[in-house]
**Student:** 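Got a structure for you, written out below as structure tokens; questions coming shortly.
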Amino acid sequence: MKLIDSHAHYDDRRFREEFEGGRDAALRLSFDAGVEAVINVATKRKNILTTLELAEKYENVYAAIGYHPNDCQELDENEIECELSFVEETLAHKKVVAIGEIGLDYHYDGTMKERQHYFFEKQIEMALRHDLPVIVHDRDAHGDSLEIVKKYKGVKGVFHSFSGSAEMARELLDLGWYISFGGPVSYKNANSVKRAAASVPLDRILIETDCPYLPPVPHRGKINYSAYMFHTLTALAEAMGYDDETVAKATVENTKRLFGI
């Protein structure tokens, strides 16, 4: 079986510090295990550059470019438009297949909601101008995330590491969105995630790691990487009521279709 990791962060410092051989070793092991391709996802200027470098180095690594809702809060007011322009300029790179990850994150104290909304909508508008899909981060902001994407009828993309309800998933599906699941679908008490996965049809499902974070059972507590996705696959297939091979094939086809790879 083959899989595509639709959401990874191989530029994260944890690969340098915790994975023997670093990100290159993790990628080689993943490709040897049957991972066909990886979408490496940026969150700010610094790792936009490293993401592009990684995509240039590996034929089967692609880049998603964008400003994460938490990272956009770190900018000074006079940097905002410059950074948005920088994101748009990088979209011309031949290995860029999406804008992301973008979205909303209300998990932490001191959330700058107005700033997050501004960056989210400006980057959706970029996606429409450049005919690119978006990768949406939605943490503790389900209602507002849904309302914003509803405003942009032509936008396409995926809600990654989905943590919303089955009802929200169905609303997104009706709007034409894809839904992606990672390691949490394998967690014992993740009943809401499993119900959401069960509501997604085969032609809209994606699989991911969000590595180095959110490793699946039985690797919780370890640094996550793409080879572990086969454990996630088993849990996802069980939640959906299909065999592993059927779900694997669907996720590969869906990822290629969404990102044009």
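The structure presented is a predicted model; accordingly, all values stated were derived computationally and were not measured.
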**Student:** Would you say H9 and E101 are linked by a side-chain donor-acceptor pair, where the criterion is simply a distance under 3.5 Å?
**Tutor:** yes

**Student:** Are I207 and V41 linked, directly or through other ILVMFWY residues, by side chains that come within less than 4.5 angstrom of each other?
**Tutor:** no

**Student:** Rounded to the nearest 0.5 Å, how far does CG of D244 lie from NZ of K249?
**Tutor:** 15.0 Å

**Student:** Does M240 share a hydrophobic cluster with V252, counting links as ILVMFWY side-chain heavy atoms below 4.5 Å and allowing steps through other members?
**Tutor:** no

**Student:** How far apart are the closest heavy atoms of D140 and H107, and which atoms are they?
**Tutor:** OD2-ND1, 2.9 Å

**Student:** Could you walk me through whether R129 and E88 pass the salt bridge (Lys or Arg N to Asp or Glu O under 4.0 Å) test, one step at a time?
**Tutor:** CA-CA 10 Å; R129 284 196 296 273; E88 189 152 19; 2.9 Å; yes

**Student:** For the atom pair SG (C82) and CG (D76), what is the distance rounded to the nearest 0.5 Å?
**Tutor:** 11.5 Å

**Student:** With no hydrogens and no angle check, is any side-chain donor or acceptor of T246 less than 3.5 Å from a backbone partner on Y242?
**Tutor:** no

**Student:** State the CD-CE distance between E121 and M126, to the nearest 0.5 angstrom.
**Tutor:** 12.5 Å

**Student:** Is E17 salt-bridged to R14, cutoff N-O under 4.0 Å?
**Tutor:** no

**Student:** Considering all heavy atoms of both residues, which atom of N254 and which atom of I205 are nearest to each other, and what is their separation?
**Tutor:** ND2-O, 2.9 Å

**Student:** Measuring only between side-chain heavy atoms, which start at C-beta, is I39 closer than 4.5 Å to D5?
**Tutor:** no

**Student:** Output yes when a side-chain donor or acceptor of Q123 lies under 3.5 Å from a complementary backbone atom of F119, and no otherwise.
**Tutor:** yes

**Student:** So with a 6.0 Å cut-off around OH of Y106, is the heavy-atom count from everything else above 12?
**Tutor:** yes

**Student:** Hey, quick one: are Y187 and M229 part of the same hydrophobic cluster, counting side-chain heavy atoms closer than 4.5 Å, chains of contacts allowed?
**Tutor:** no

**Student:** For the residue pair F181 and F162, categorise the inter-ring angle as parallel (less than 30°), tilted (30 to 60°) or perpendicular (more than 60°).
**Tutor:** perpendicular

**Student:** Using side-chain hydrogen bond (donor to acceptor under 3.5 Å, both in side chains), reason through N40 and D11 one step at a time and then give a plain yes or no.
**Tutor:** CA-CA 8 Å; N40 202 66; D11 49 280; 2.9 Å; yes

**Student:** Closest approach of H137 and D105, non-hydrogen atoms and distance?
**Tutor:** NE2-OD2, 2.8 Å

**Student:** What is the distance from atom CG of L27 to atom OH of Y10, rounded to the nearest 0.5 Å?
**Tutor:** 5.0 Å

**Student:** Nearest heavy-atom pair of A169 and S199: which atoms, and what distance?
**Tutor:** CB-OG, 3.7 Å

**Student:** Minimum heavy-atom separation for Y108 to R139, with atom names?
**Tutor:** OH-NH1, 3.1 Å

**Student:** Please check this pair: side chain of K194 against backbone of V185, looking for a donor-acceptor N/O pair closer than 3.5 Å.
**Tutor:** yes

**Student:** Kindly determine whether T43 and N47 satisfy side-chain hydrogen bond (donor to acceptor under 3.5 Å, both in side chains), including the steps that lead there.
**Tutor:** CA-CA 7 Å; T43 64; N47 57 42; 2.9 Å; yes

**Student:** Got a second to check how far S226's OG is from L3's CG, nearest 0.5 Å?
**Tutor:** 9.5 Å

**Student:** Less than 3.5 Å apart, any donor N or O on the side chain of R23 or Y225 sitting next to an acceptor on the other?
**Tutor:** no

**Student:** Between D24 and Y58, does the side-chain hydrogen bond (donor to acceptor under 3.5 Å, both in side chains) criterion hold? Intermediate values first, please.
**Tutor:** CA-CA 10 Å; D24 293 294; Y58 290 95; 2.5 Å; yes

**Student:** If you group Ile, Leu, Val, Met, Phe, Trp and Tyr by side-chain heavy-atom gaps below 4.5 Å, do L29 and L54 land in one group?
**Tutor:** yes

**Student:** Taking 4.0 angstrom as the limit, do E59 and K95 come out as a salt bridge?
**Tutor:** no

**Student:** Main chain of L173, side chain of R204: is a donor-acceptor contact present, judged purely on distance under 3.5 Å?
**Tutor:** yes

**Student:** For residues 212-220, which side-chain donor-acceptor pairs fall under 3.5 Å, sequence neighbours excluded?
**Tutor:**
residue	atom	partner	partner atom	Å
Y213	OH	D12	OD2	2.6
H219	ND1	K222	NZ	3.3
H219	NE2	H231	NE2	3.2

**Student:** Just checking E238: does its CD atom have more than 12 heavy atoms from other residues, nucleotides or ligands closer to it than 6.0 angstrom?
**Tutor:** no

**Student:** Let me confirm one number: the CD-CG distance from E245 to L233, rounded to the nearest 0.5 Å.
**Tutor:** 10.0 Å

**Student:** Do E147 and H117 have side chains that get closer than 4.5 Å, going by heavy atoms?
**Tutor:** no

**Student:** Can you check whether N224 reaches D210 side chain to side chain, under 4.5 Å on heavy atoms?
**Tutor:** no

**Student:** Please say which of L206, L146, L172 ends up in a side-chain contact (heavy atoms from CB on, under 4.5 Å) with F159.
**Tutor:** L172

**Student:** Could I get the full list of side-chain contact (heavy atoms from CB on, under 4.5 Å) partners for S165, not counting sequence neighbours?
**Tutor:** E167, M168

**Student:** Just wondering, do I148 and I124 contact through their side chains at under 4.5 Å, heavy atoms?
**Tutor:** yes

**Student:** Counting neighbours of NZ on K46 that are heavy atoms of other residues, nucleotides or ligands and sit closer than 6.0 Å, is the number greater than 12?
**Tutor:** no

**Student:** Would you sort out whether E36 and K256 count as a salt bridge (Lys or Arg N to Asp or Glu O under 4.0 Å), showing the intermediate values?
**Tutor:** CA-CA 11 Å; E36 183 177 341; K256 289 181 176 179; 2.8 Å; yes

**Student:** Would E208 and V158 satisfy side chain to side chain contact (heavy atoms under 4.5 Å, CB included), going step by step from the backbone distance to the final call?
**Tutor:** CA-CA 11 Å; E208 65 173 88; V158 56; 5.9 Å; no

**Student:** Checking the side chain of T209 only, and the main-chain atoms of H7 only, is there a donor and an acceptor separated by less than 3.5 Å?
**Tutor:** yes

**Student:** What closest approach, in Å, do I135 and A64 show between heavy atoms, and which atom pair accounts for it?
**Tutor:** CD1-CB, 3.7 Å

**Student:** Report the C-alpha distance between F259 and Y62 in whole Å, list the side-chain angles of each, state the deciding distance to 0.1 Å, and finish with yes or no for ring-ring contact (aromatic ring centres under 6.0 Å, His included).
**Tutor:** CA-CA 9 Å; F259 296 114; Y62 300 87; 9.0 Å; no

**Student:** Would Y67 and R45 count as a side-chain hydrogen bond (donor to acceptor under 3.5 Å, both in side chains) here? Give the steps.
**Tutor:** CA-CA 8 Å; Y67 251 89; R45 177 183 282 260; 5.2 Å; no

**Student:** Under a 4.0 Å N-O cut-off, is there an ion pair linking R13 with E18?
**Tutor:** no

**Student:** With a 4.5 Å limit on heavy-atom distance, are the side chains of Q73 and Q116 in contact?
**Tutor:** yes

**Student:** Please work out which of the three classes, parallel, tilted or perpendicular, describes the rings of F19 and F15, given edges at 30° and 60°.
**Tutor:** tilted

**Student:** Taking L49 as the starting point, is it possible to reach L84 by hopping between hydrophobic residues whose side chains are less than 4.5 Å apart?
**Tutor:** yes

